Structures are given as C-alpha cells and as structure tokens.
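What follows is a single structure, written as structure tokens, with notes after it.
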Amino acid sequence: MKKVLLAEYTIFNDQYLAPEGKAMVAVLKKSFENCGYTVVMPESGDFNSEIERLAPECEYGLVIAPDELLSKFTHTLELATHNAGSDSTSIAVCASKRLSSKLLAKAGVNVPKEVGADFAGKRVIKPVKGAGSVGVRIAKQGEEPKNGEMSVEFVEGESYSVSLVGSRVIGEACEFYSGLPPVVLTVNKQISYADADGKFVYGGGETPVHPKREGEMIEVAKKTIETLGCQGYVGIDMIVGEKIWVVDVNPRPTMSILGIVNVIDEEIADVLLKATVGKPPECIHLNGKKSFYNDNGVRTE
C-alpha cells in the first residue's frame with residue numbers, strides 16, 4: 001500500500017492555530033486517500049522525531065507548520081523521503097519577510113517598503129518571521145518594532161491571495177526538474193481587517209474570484225514563486241490598490257485550500273504529486289461553484 005506522510009505541526013503544538021491545521025489536514029487526507037494513498041500522521045510528542053520515525057516508510061511527505069519552523073522540519077523530511085512541498089532552503093528564504101521582500105523588490109515585484117518609526121505615513125509592524133496575521137498590527141505613533149519585528153509602510157487596497165502549485169525546481173539531484181511553469185489554482189478574496197486595537201485579524205475568504213486585475217495578479221504570483229524558488233502548493237498574499245503589492249509568501253498549504261478543493265474538478269493531491277515529479281497539469285478546471293471558508297467550516301454554493 002502506498003503511503004504519504006502529512007505532518008501538521010499545530011494540531012498538537014499550537015492551540016490557537018490548531019483549528020486551521022486540522023481543517024487543512026482533513027481536506028488533504030481525503031484527497032490523498034481518493035488517489036489511493038494511505039495517509040500517516042504524527043502522534044503527540046516531539047514533532048521532528050515523529051517525522052524521522054514515519055517518513056522512511058512513506059513514498060511522499062508534506063509538512064505544514066508555522067513559517068519560522070517549517071524549514072527545519074522540511075529538512076528532516078527531505079533526508080528521509082520525497083518532499084512534495086517547497087524545499088527547505090526556499091522555505092527559509094520565504095520565512096524571512098525582510099529577505100524575501102528584498103529579493104522580490106530586486107526582481108521588480110512591488111512590496112511594502114521597510115520604514116522607521118519616524119516615517120510620516122501609516123505603518124504596519126509585523127514579525128520578521130511569523131505565520132499569517134499573528135502579531136501583525138498598525139503601528140502607533142512613534143512605536144518602534146520589538147526584537148524580531150519590522151516596520152513597513154501601510155498600503156491601501158483590497159486583500160487577495162493567489163494559490164499556485166509550482167513544478168519541481170530542485171530536489172533529488174534535480175531528477176524531476178522539467179522547467180514547466182507553475183499551475184494556477186485560484187484567485188481568492190481574503191477577509192482581513194484591523195480590530196479596534198489595530199491588530200490584524202484573518203477571517204477566512206472566498207474562492208474563486210475574478211477581479212479586474214486578475215491577469216496581472218497571476219503574473220505577479222508566478223514571478224514571485226519563480227524568484228524565490230518555491231515548489232508545491234504556495235499561497236501569495238497581495239494587496240491590490242494603486243499597485244499590486246506582495247505582502248506575504250506562504251510556501252505551504254494555506255486556508256484557501258479548504259475552498260479550493262470544492263471548486264476544482266481535479267484532486268488537489270493528484271496535482272501536488274504530478275507537480276512534484278515535474279509533470280504538472282497544463283491547467284486547472286473550475287466547476288462553477290464558489291466556496292466561503294474560515295476555521296469554523298466551509299460553505300459551497
């Protein structure tokens with residue numbers, strides 16, 4: 001029986017993010033099983049040790065964890081089996097919001113500029129390494145970033161994400177490299193807002209959506225993951241206003257996957273496995289439905 005390891009960190013290790021983790025694992029597990037795989041998952045205990053224990057018996061593996069931890073756990077997986085996600089080096093680059101922003105800006109992708117507390121305009125303070133909206137807030141006047149944080153200009157616009165699956169870039173002696181472009185899954189509307197204290201809250205989203213600048217957004221997303229060397233499932237968070245700004249790169253499954261599996265004809269697991277051996281589908285077929293999702297559930301119409 002073919003086996004795949006789904007190693008999701010938060011279920012046993014982060015009570016706050018665990019509901020999102022459980023929801024993502026549920027849809028991925030179902031899809032891999034529909035593709036004929038037996039899914040194995042870590043038990044409670046040391047997460048890295050669980051990966052070391054389980055990965056050698058699996059044909060493929062995929063790790064989902066907060067950005068600042070993902071590279072370490074993915075490296076452990078890579079030493080034992082075929083990693084179906086981004087490689088640990090690319091993940092480490094994406095995890096540093098400062099480094100990834102510098103690389104993207106150099107490549108011509110718009111990103112919010114890092115600024116000091118004396119910046120005249122509105123600012124956002126966020127962790128240099130962090131997951132989602134955790135710790136992200138509108139800066140108070142004169143507020144300095146704490147250790148491990150950075151301050152960037154606030155950019156006006158609507159919140160979106162683009163979900164893609166990158167084909168094989170590097171890996172087992174580049175055995176599966178094909179040079180094929182990433183396949184676009186969906187463009188998603190993000191529900192994100194600042195509460196009364198200025199802290200950003202993520203409230204889920206809807207997919208698919210087709211904004212006026214959809215084509216531009218997709219091209220920006222493709223350039224982003226090609227610049228950073230991402231492969232597998234990647235979610236690119238954007239603010240679309242005067243410009244299209246990339247505000248975060250998630251080289252792992254994101255909450256959008258909860259809706260995506262309900263609006264595409266393909267099995268998401270099949271797309272991931274084909275892409276990781278350099279044979280992604282030419283395109284994804286939408287079924288005409290729309291999904292609304294958050295960590296409380298999914299509604300599909």
Side-chain angles (χ1 to χ4, degrees), residues 17 19-21 23-28 31 64 67 85-86 94 104 109-111 131-134 136 155-166 181-194 200-225 228 230 232-241 243-269 271-272 275 280-281 283-301:
L17 293 174
E20 294 183 8
M24 288 187 285
V25 165
V27 299
L28 284 165
S31 187
I64 307 172
D67 295 354
S86 279
C94 292
L104 290 174
V109 175
N110 294 313
V111 295
S133 60
V134 178
V136 182
V155 292
E156 295 278 1
E158 294 186 278
S159 297
Y160 291 95
S161 69
V162 179
S163 300
L164 312 90
V165 176
V183 59
V184 178
L185 295 173
T186 56
V187 175
N188 322 297
K189 185 74 177 73
Q190 302 273 60
I191 300 172
S192 179
Y193 58 92
F200 279 87
V201 177
Y202 173 71
E206 63 177 280
T207 191
V209 295
H210 302 286
K212 291 181 179 179
R213 302 178 73 181
E214 180 177 12
E216 292 178 71
M217 294 162 63
I218 288 171
E219 290 308 309
V220 169
K222 287 180 177 180
K223 188 171 185 178
T224 295
I225 73 168
L228 300 178
C230 303
Y233 185 106
V234 186
I236 313 294
D237 293 343
M238 300 177 173
I239 299 294
V240 179
K243 301 177 182 179
I244 297 174
W245 290 275
V246 170
V247 295
D248 203 6
V249 181
N250 304 290
R252 51 170 173 77
T254 64
M255 283 289 283
S256 299
I257 202 170
L258 304 187
I260 289 170
V261 296
N262 294 305
V263 301
I264 64 174
D265 290 335
E266 291 79 4
E267 283 287 351
I268 190 64
V271 176
L272 294 174
C283 64
I284 296 298
H285 301 89
L286 299 176
N287 60 20
K289 298 179 181 178
K290 179 170 284 193
S291 269
F292 304 83
Y293 51 88
N294 56 35
D295 57 10
N296 292 318
V298 181
R299 184 179 86 255
T300 302
E301 299 175 351

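Not measured: the values here are computed from a predicted model.
- Between the side chain of Asn287 and the backbone N or O of Asn262, at least one donor-acceptor pair lies under 3.5 Å.
- With hydrogens and angles disregarded, no donor-acceptor distance shorter than 3.5 Å links the side chain of Arg252 to the backbone of Asp67.
- Put simply, CG on Asn250 and CE on Met255 are 12.5 Å apart, with the number rounded to the nearest 0.5 Å.
- Residue Glu267 comes nearest to Ser31 through the heavy atom pair OE1-OG, 2.6 Å, listed as atom of the first residue, atom of the second, then distance.
- Looking at Gln190, its side chain never comes within 3.5 Å of a backbone N or O of Tyr202 through a donor-acceptor pair.
- Nearest heavy atoms, Cys94 versus Val249: SG-CG1, 3.8 Å.
- Leu272 and Gly232 get closest at one heavy-atom pair: CD2-C, 4.5 Å.
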Between Ser163 and Val234, is the side-chain contact (heavy atoms from CB on, under 4.5 Å) condition met? List the steps. CA-CA 6 Å; Ser163 300; Val234 186; over 6 Å; no
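- Partners of Lys290 under the salt bridge (charged side-chain N to carboxylate O under 4.0 Å, His left out) rule, at least two apart in sequence or in another chain, are Glu206.
- Closest approach of Pro253 and Leu28 over heavy atoms only: CG-CD1, 4.1 Å.
- One distance of note links OG1 of Thr300 with CZ of Phe292; it measures 9.0 Å at 0.5 Å rounding.
- Distance check, rounded to the nearest 0.5 Å: CD1 of Ile236 to SG of Cys230 gives 6.0 Å.
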Start with the C-alpha distance between Met238 and Val162, add both sets of side-chain angles, then the distance that settles side-chain contact (heavy atoms from CB on, under 4.5 Å), and finish with yes or no. CA-CA 8 Å; Met238 300 177 173; Val162 179; 3.9 Å; yes
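- For Glu214, the side-chain contact (heavy atoms from CB on, under 4.5 Å) partners at least two apart in sequence or on another chain are Val187, His210, Pro211, Ile218.
- Here the side chains of Val271 and Pro281 are in contact, with some heavy-atom distance below 4.5 Å.
- To the nearest 0.5 Å, atoms CD (Glu158) and OG (Ser192) are separated by 12.5 Å.
- Taking CD1 of Ile225 as the reference point, atom CG of Leu164 lies at 5.0 Å (rounded to 0.5 Å).
- Judged purely by distance below 3.5 Å, without hydrogens or angles, the side chains of Ser291 and Thr207 never pair a donor atom with an acceptor atom.
- For the 3.5 Å distance criterion, the side chains of Tyr233 and Thr254 qualify, holding a donor opposite an acceptor.
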For side-chain contact (heavy atoms from CB on, under 4.5 Å), just list the numbers for Ser256 and Thr186, CA-CA rounded to whole Å, side-chain angles, deciding distance to a tenth of an Å, and then say yes or no. CA-CA 9 Å; Ser256 299; Thr186 56; 5.6 Å; no
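- Residue Lys222 comes nearest to Pro182 through the heavy atom pair CG-CG, 3.9 Å, listed as atom of the first residue, atom of the second, then distance.
- Atoms CD1 and CE, on Ile64 and Met24 in that order, are 5.5 Å from each other to the nearest 0.5 Å.
- Between the side chain of Thr224 and the backbone N or O of Val220, at least one donor-acceptor pair lies under 3.5 Å.
- In plain terms, the two heavy atoms of Val263 and Lys289 that are nearest each other are CG1-O, 3.5 Å.
- Applying the side-chain contact (heavy atoms from CB on, under 4.5 Å) test to Asn110 and every residue at least two apart in sequence or in another chain returns Lys243, Trp245.
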